[in-house]
Amino acid sequence: DRRREVLAAGSPIEPILKDVGEIYSRLLDHRPVIQGEIRYFVKEFEEKRGLRELRVLENLKNTIFDTNEHVLPKCEQAMHNSLNETIKRLQAANDMIHRLQEKEHEGRKLQADKLMAREEKRVAHWEELMKEQQNKQAEVDEEHRKAMERLKEQYSEMEKELAKYVSF
């Protein structure tokens, strides 16, 4: 308050106070200087950063171009060659497997034919055996019938002779 009164009155101190204010602002008030330094630092940083990023982008562009022009065609050619070789090998393996399957199928068919022939042989042998058994059974039955008839005759003769002796 006192300062205002002194300044308002238009006293001779006024020019001195202005000079002191200027000296104060130049010596002790560093805000304008600091702000200028900050602006200068930010400007330098952004310029250098922009140049650095521009160089990085340029390097990336060169790398991509080199990859597209040189590396990618080489990789594509190598892949194409490898795939052709792989397809040939797979085709050969497929052919081999097909031949093996045919041989196995022929082997199974041959075994099935042999088994069928053995089965037919066994059935024929069984039928022959059964006929032979029936013939033998018929022979045995015939012998048994003849033996029974002989025994009947023998017993009937024995009964007749016995009847002769019973009459005594």
Side-chain angles (χ1 to χ4, degrees), residues 29-168:
D29 191 11
H30 299 296
R31 275 182 280 161
V33 174
I34 291 174
Q35 285 176 354
E37 288 295 320
I38 289 173
R39 278 191 217 109
Y40 175 74
F41 177 77
V42 168
K43 181 180 171 187
E44 286 292 314
F45 179 76
E46 285 178 350
E47 285 177 6
K48 287 180 182 177
R49 179 178 166 207
L51 290 175
R52 184 174 63 231
E53 287 180 0
L54 187 62
R55 280 185 300 222
V56 168
L57 288 175
E58 187 67 29
N59 288 341
L60 282 173
K61 184 185 102 176
N62 291 338
T63 303
I64 290 171
F65 180 77
D66 185 47
T67 301
N68 284 339
E69 292 296 317
H70 299 87
V71 176
L72 192 59
K74 285 180 185 177
C75 289
E76 188 176 326
Q77 184 63 35
M79 184 179 68
H80 185 68
N81 293 341
S82 295
L83 284 177
N84 282 340
E85 182 66 27
T86 303
I87 287 172
K88 288 177 185 176
R89 286 183 180 182
L90 286 174
Q91 186 63 40
N94 194 20
D95 292 342
M96 289 172 67
I97 288 172
H98 186 66
R99 284 191 302 255
L100 285 173
Q101 284 177 336
E102 285 179 358
K103 285 181 181 179
E104 184 177 340
H105 179 68
E106 289 172 5
R108 284 184 182 176
K109 187 178 179 193
L110 185 62
Q111 283 182 338
D113 290 346
K114 285 180 181 179
L115 186 63
M116 187 63 88
R118 277 189 252 152
E119 181 66 19
E120 288 173 359
K121 204 177 203 180
R122 187 191 62 79
V123 167
H125 186 268
W126 180 256
E127 287 175 358
E128 184 181 324
L129 183 68
M130 290 306 289
K131 284 180 184 177
E132 189 179 311
Q133 288 297 320
Q134 287 174 354
N135 291 338
K136 285 183 180 180
Q137 183 181 1
E139 287 176 17
V140 168
D141 286 346
E142 185 62 30
E143 283 181 30
H144 182 267
R145 188 185 58 76
K146 286 180 182 178
M148 287 292 287
E149 283 181 20
R150 277 184 300 204
L151 280 174
K152 280 183 185 178
E153 286 177 18
Q154 186 180 359
Y155 281 126
S156 76
E157 282 182 29
M158 285 171 78
E159 277 184 15
K160 286 180 188 176
E161 280 189 39
L162 202 82
K164 289 182 194 176
Y165 292 117
V166 170
S167 3
F168 287 105

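In this structure, CD in Gln137 is found 5.0 Å from CG in Asp141, a value given to the nearest 0.5 Å. Note that the CD atom of Glu76 and the CG atom of Leu83 stand 10.5 Å from one another [nearest 0.5 Å]. Interatomic distance, His125 NE2 to Arg118 CZ, rounded to the nearest 0.5 Å: 15.5 Å. With values rounded to the nearest 0.5 angstrom, Glu157 atom CD is found 7.0 Å from Glu161 atom CD. Separation of atoms CD (Gln77) and OG (Ser82) is listed at 10.0 Å; rounding is to 0.5 Å. The CD1 atom of Ile64 sits 9.5 Å away from atom CG of Leu57, with the distance rounded to the nearest 0.5 Å.
For Glu102 and Arg99, the salt-bridge test fails: no basic side-chain N is under 4.0 Å from an acidic carboxylate O. The residues Glu119 and Arg122 are annotated as salt-bridged, a charged nitrogen and a carboxylate oxygen being separated by less than 4.0 angstrom. Look at Glu85 and Arg89 and you find a salt bridge, because one of the NZ, NE, NH1 or NH2 atoms lies within 4.0 Å of a carboxylate O, short of that distance.
Between Met158 and Leu162, the closest side-chain pair of non-hydrogen atoms is not below 4.5 Å. Side-chain contact check for Glu58 versus Lys61: some heavy-atom pair is nearer than 4.5 Å. In this structure, the side chains of Leu90 and Thr86 come closer than 4.5 Å at one or more pairs of heavy atoms.
Only one option out of Glu153, Gln154, Glu149 pairs with Leu151 in a side-chain contact (heavy atoms from CB on, under 4.5 Å); it is Gln154.
In terms of heavy-atom proximity, Glu143 sits nearest to Arg150 at O-NH2, 4.5 Å.
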Practice prompt. Check the pair Glu139 / Asn135 against side-chain hydrogen bond (donor to acceptor under 3.5 Å, both in side chains), numbers first and verdict last.
Written response: CA-CA 6 Å; Glu139 287 176 17; Asn135 291 338; over 6 Å; no
Discussion item. Run the side chain to side chain contact (heavy atoms under 4.5 Å, CB included) test on Thr67 and Thr63 for me, step by step, so that the C-alpha distance in whole Å, both residues' side-chain angles and the decisive distance to 0.1 Å come before the verdict.
Written reply: CA-CA 6 Å; Thr67 301; Thr63 303; 4.2 Å; yes
Item to complete: Carefully, step by step, assess Lys136 and Glu132 under the rule salt bridge (charged side-chain N to carboxylate O under 4.0 Å, His left out).
Response: CA-CA 6 Å; Lys136 285 183 180 180; Glu132 189 179 311; 3.5 Å; yes
Practice prompt. Give the intermediate values and the outcome of side chain to side chain contact (heavy atoms under 4.5 Å, CB included) for residues Gln91 and Asp95.
Written response: CA-CA 6 Å; Gln91 186 63 40; Asp95 292 342; 3.3 Å; yes
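No more than 12 heavy atoms of other residues, nucleotides or ligands lie within 6.0 Å of CZ in Arg108, so this atom counts as exposed by the packing criterion.
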